[in-house]
Protein chains: 2
Amino acid sequence: MDKHLKQASEKPRQTRRSLPMALLRARESVMKNFRPMLEKHNVTEQQWRVIRVVAEAGALDATEVASRASILAPSLTRIIKTLEQRKLIKRQNDSKDGRRVVLALAPAGEVLLHKAVPESLAAHKGLEEKIGGDKLMLLLDLLDEVALRAGN
Amino acid sequence: MDKHLKQASEKPRQTRRSLPMALLRARESVMKNFRPMLEKHNVTEQQWRVIRVVAEAGALDATEVASRASILAPSLTRIIKTLEQRKLIKRQNDSKDGRRVVLALAPAGEVLLHKAVPESLAAHKGLEEKIGGDKLMLLLDLLDEVALRAGN
DNA sequence: ACCATTCAATTAACATGTTAATTAAATCTG
DNA sequence: CAGATTTAATTAACATGTTAATTGAATGGT
């Protein structure tokens, strides 16, 4: 029985033309450009996202942080715990709603932010040069559209 | 001096226009289309990738599987362990190289594959309809290019 | 053949992804 | 107002991501 013929006729879709795999590989390559900066400041990718989202908003409840940083609630709970222990963020209680946890940057978090942001921007600039500004823009638009349409 | 430009250079980049975040969100949305099928067959996303890669090749050593499925070696070691316990794959020893582990589908793995592949293809077809065939193709090309150029 | 080096796989340790279950506070409804 | 329902956050349990260290098997040079 010829395995090659069988493969050609009823083989599963090639993994290379699979959208999930393509997204995964692209993200993997892209993140290589940010890892040195993250490691230098001793934060994980997800911790950095939380810090940035909180910084952008000034103060934000956990649910909104999770949504904007694309992190699930259980993960965020653990991330908050470690970031609070490291005094990078602080948690407050919402006066209106006793269930909510409101997050804001702590002083050490502000310091880290100001040190790391330029390096993050530089990494993104580097990507823009490698990929090309127009292609990058096009890709961002396509990704947003896919996120909307595929998200059901 | 334009205050918008000045502000833009000193504030963190908006998370919405960040390529890593865009890739993450897009992937998240895309995966929603596959999760029901994965859950139905009781495999994780990564287990499914391993099964498909092994099936595509017939038999493959672990390093190649890791590379093609975009899974790191330590993760693959654990995945192999569980897939072997569930008798979905089998491991053989490379006669030439005593270090290598060669993987192939076990009978139960073949059964699972043939049941799940049509559903996986259907999910991908559904995506193609939601996004549009040309855009999907364009996106796949862009992602491949980014994976190449950004990857160092 | 010997030793150092390289390489494949595994293990270890910690962080996150993912779904289900739980707890406490808010809200709805009769 | 009381009871049922919803909601935000947490906890639990298991799987994977990630880096460093380890083990055993090839390889290279001498």
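Residue numbers begin at 1 in each chain, while the letters A, B, ... track the order of the sequences.
Atom-to-atom, CH2 of B:W48 to P of D:dA15 comes out at 19 Å; the value is rounded to the nearest Å. Separating the CD atom of A:E28 from the P atom of D:dT16 is a distance of 16 Å, rounded to the nearest angstrom. For the pair A:Q46 CD and D:dT18 P, the computed distance is 8 Å after rounding to whole Å. To the nearest angstrom, P of C:dA15 lies 16 Å from CZ of A:R49. Nucleotide C:dT18 holds its P atom 17 Å from the CG atom of B:N42, rounded to whole Å. Summarising the geometry, the separation between CG on B:L72 and P on D:dT18 is reported as 6 Å, rounded to the nearest angstrom. In this entry the distance linking CG of B:L83 with P of D:dT16 reads 8 Å, nearest Å. As a whole-Å value, the separation of A:R78 CZ from D:dC14 P is 14 Å.
Nearer the 5' end of DNA chain D, as judged by each residue's closest nucleotide, is the contact made by A:D61, out of A:D61 and B:Q47. The residue among A:A73 and B:A62 whose nearest nucleotide of DNA chain C lies closer to the 5′ end is B:A62. Comparing B:E64 and B:E39 against DNA chain C, the residue whose closest nucleotide sits nearer the 5' end is B:E64.
When each of D:dA12, C:dA8, D:dT18 is scored by its nearest atom to the side-chain atoms of B:S75, the top-ranked nucleotide is D:dT18.
Using a 4.0 Å cut-off on heavy atoms, the residues of residues 90-104 of chain A that approach DNA chain C are A:K96, A:D97, A:G98, A:R99, listed by number.
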Residues B:E84, B:K90; criterion salt bridge (charged side-chain N to carboxylate O under 4.0 Å, His left out); working and verdict: CA-CA 6 Å; B:E84 196 185 13; B:K90 56 188 173 187; over 6 Å; no
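Each of A:T44, A:V43, A:L60, A:I79 was scored for a side chain to side chain contact (heavy atoms under 4.5 Å, CB included) with A:V50, with one residue passing: A:I79.
OP1 or OP2 of D:dT18 sits under 4.0 Å from a side-chain N or O of A:R35. For D:dT10, the OP1/OP2 oxygens have a side-chain nitrogen or oxygen of A:T77 closer than 4.0 Å. Residue B:T44 has a polar side-chain atom (N or O) positioned under 4.0 Å from OP1 or OP2 of D:dT16.
A distance of 10.5 Å separates CZ in B:R49 from CG in B:L38, rounded to the nearest 0.5 Å.
Within 4.0 Å (heavy atoms only), B:L76 reaches no atom of the nucleic acid at all.
Under 4.0 Å is where a charged nitrogen must lie from a carboxylate oxygen, and between B:K32 and B:E28 no such pair does. Ion pair B:K135/A:E145 flagged as a salt bridge, since at least one NZ, NE, NH1 or NH2 atom sits closer than 4.0 Å to an Asp/Glu carboxylate oxygen.
B:N33 contributes a side-chain N or O that, together with a main-chain N or O of B:S29, makes up a donor-acceptor pair within less than 3.5 Å.
Taking B:E39 as the reference, nothing meets the salt bridge (charged side-chain N to carboxylate O under 4.0 Å, His left out) condition, with sequence neighbours excluded.
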